[in-house]
There are 2 protein chains.
Amino acid sequence: MAVTARTYDASQYERPSVTVDVVIFTILDSELKVLLVKRKNWPCEGMWAIPGGFVDMNEGLEEAAYRELREETSVSGQDVYLEQLYTFGNPGRDPRTRVITVAYFALVGADKLHLPEGGLRAASDAAGVGWFSAYTPPLLAFDHAEILEYAITRLRYKLEYTAVGFQLLPERFTLRELQEAYETVLSEKLDKGNFRSKLRKSGAVEATDAYQETGGRPARLYRFRDDAVAEIKTRRLFP
Amino acid sequence: MAVTARTYDASQYERPSVTVDVVIFTILDSELKVLLVKRKNWPCEGMWAIPGGFVDMNEGLEEAAYRELREETSVSGQDVYLEQLYTFGNPGRDPRTRVITVAYFALVGADKLHLPEGGLRAASDAAGVGWFSAYTPPLLAFDHAEILEYAITRLRYKLEYTAVGFQLLPERFTLRELQEAYETVLSEKLDKGNFRSKLRKSGAVEATDAYQETGGRPARLYRFRDDAVAEIKTRRLFP
DNA sequence: GTCATTAGTGTCAAAGTTACACTTAGCAGT
DNA sequence: ACTGCTAAGTGTAACTTTGACACTAATGAC
C-alpha cells in the first residue's frame, strides 16, 4: 500500500470504483448451475451478469460479498462456502468509469435456496434472476464470461484438493449424490469403489441411521463431519 | 460488478483508494528473502513495509504491479514471475482513508538483481530499502505482516505443484542449488536421490556442458527447459 | 420365487513414493 | 601415488497409493 508512491494527497486524485461480484454455484437437476441477473440499464442492458454491487465505504470486502449473497439468494453466512477468487481491474472493462471488481465465488446447497424467482428485491438494477448451466451460460455482460470461467477452474481445483464439495449438497446425502456432484463439477466419471474407499479413509463423512429410497437397494444417508475438514484440506481428496 | 446495486450515479459516492502491493521474494545466502522499504512519513513512519503504490486511473492492475516491481528492483517483466495474490480491504487497515490493496507476489532470481541499496528513487516515500529474511521479518506497517504470511503460504503451494521455483535461481544452476532453494522455501529437508529422479522424469531441466566447482566432485550446471513448463504446471512436481 | 436395479465391499496389478546404500570424481595431506 | 574427505550422482527394495473391475447385498416389480 501507498508506500513508495509519490507523496500523496489523497483528495486530489481521481479514484476508481470498487465492486464485489459473487459467482454463486449450486447443483440442480444434476447440473452445475450459476446464478445470473438480467441487466435493466445501460450498459449491456438485457444481458445477463454475475450479481454484484459497490463496496460501501465502511464495509469489508468479504462483508460486502456476504451482503450480495444474502440479497440475491436470502442465504445466510453459515450456510455457504465463500472464497475470494480474483480481482479484475482492466481499465475499460466497464464503459461508464474505471471499475475494479473483487470477485468471490460461493457454493450453496440446493436445499438452502428459497429461490429468489419472483421475489426480486425492489430498488434493483436487475430485470430478472435465474439459474443457468455454468458450462453453457448465456452471453454475459462486461468481462463476466472471463470471471465465470475463472471461477469454474478454481472450483475444480478446490474440489480435487479439499472437501468443499459437500457445500453443494443438502445436509444429509447419499454417497451416490456426493459422487454425482463431484462428477458434475469435474465433468468426469469416477469409479464408485475407489470414490467410496477414499472417502472412508479420509474420515470426511459419517453415516446417519437414516436411509433413502432409490430404484434398488436403499441408500444410507451420510453427514459431513466438519471437525475433519481441517485435516482434509491439506491432502488431496479425490483423483 | 455494479449490477443489482441501487441505481448509481457514480460521481456522488465516496470512493476508496486502490493500491497494489508487491511481495518480492528472492533467495540470497540460502535464505528466502523479501524486499521491504522503510516508511518515511506518517502513519507507521520508521516501520518497514511491502513496496506498493496507487493504481493509476488508466493502468491495469498487473501493469501497476510490474511498474512497482521495476521501480523497486529495476527488474524487467521477462525476468520475473508475478502473480496476483489476494485483495485486502478491511476498512481501517490504513488510518488515513479507506485503502483497498491488490497484493501480488513476485519471484526474482538473485542474478537479476542490480541491488537497489543506495540507488533509491528520488521522489519516494521510502527512507530505505533492504532484503529481509522472509520468516523473521521486522515489525511491519499496516496489515503487511498478514500479507507477507499469506504470500509465503501461497509460494509454498505453488512450489509443490508447479515448476515456479526456477524463477528464484540464476539461469544456470546446479541441482543442489535447486534442491536447496526448495528446501529453503518449504522449510523441509528433501531426499537427494528422490529429488533428482523426480526432476529427471519431469523433463523440467536440461544439462549444460558446464560444471561448477564445489568442495568435492564438480557439479553439472543445468538450465530450466521453459518449453516443458506448460505440462509441468498441471502435475505435482515435488513431494 | 426371478429379474432388474442400485448400494456397498474386496481384490490385485501397476504406478508412485520413500528411505537408504552405493559408486564416482575432484581436492588436500602425507 | 595412495588415503581420506567432500560432494555429485545412481540404484534398489519396501511400502503406499491408484485404478480397473468383479463381486455380494438389499429392495421393488412381476
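When reading the values below, keep in mind they use all heavy atoms of this one structure, side chains included, and skip hydrogens, waters and symmetry mates. Throughout, protein chains are lettered first and strands after them, A, B, ... in sequence-line order, and every chain is numbered starting at 1.
Of the candidate nucleotides dG10(C), dA19(C), dA8(D), dA8(D) has the atom nearest to the side chain of R217(B). In this structure, of dC20(C), dG10(C), dT6(C), it is dC20(C) that holds the atom nearest to the side chain of D191(B). Comparing dC21(D), dA25(C), dA7(D) against the side chain of T214(B) picks out dA7(D) as the nearest. The side chain of R200(A) has dT9(C) as its nearest neighbour among dT27(D), dG19(D), dT9(C).
Nearer to the 5' terminus of DNA chain C, by closest-nucleotide assignment, is the contact made by S197(B) (compared with the other of S197(B) and K192(B)).
In this model, the phosphate group of dA7(C) is approached by a side-chain N or O of R176(A) to a distance below 4.0 Å at OP1 or OP2.
With 3.5 Å as the limit, one finds a donor-acceptor pair spanning the side chains of E83(A) and Y81(A). Side chains of S187(A) and R156(A): a donor on one and an acceptor on the other come within 3.5 Å.
Nucleotide dA4(C) holds its P atom 21 Å from the CD atom of E213(A), rounded to whole Å. Atoms OH (Y222(B)) and P (dA8(D)) sit 11 Å apart, rounded to a whole Å. In this structure, CG of L190(B) is placed 10 Å from P of dT18(C), rounded to the nearest angstrom. Summarising the geometry, the separation between CD on Q212(B) and P on dG26(C) is reported as 15 Å, rounded to the nearest angstrom. Computed from coordinates, the L178(B) CG to dG9(D) P distance equals 12 Å when rounded to whole Å. Taking atom CZ on R220(A) and atom C1' on dA25(D), their separation rounds to 14 Å, with Å as the unit. For the pair K201(B) NZ and dT10(D) P, the interatomic distance rounds to 14 Å; values are reported in whole Å. When rounded to the nearest whole Å, the span between CZ of R196(B) and P of dA19(C) equals 18 Å.
One finds no salt bridge joining E63(A) and R67(A) here, because no Lys/Arg side-chain nitrogen approaches an Asp/Glu carboxylate oxygen to under 4.0 Å.
Between Y150(B) and F88(B), the angle of the ring planes goes over 60°, which puts this pair in the perpendicular group of the 30/60° scheme.
Under the 4.5 Å side-chain criterion, counting only non-hydrogen atoms from C-beta, F173(A) is in contact with V205(A).
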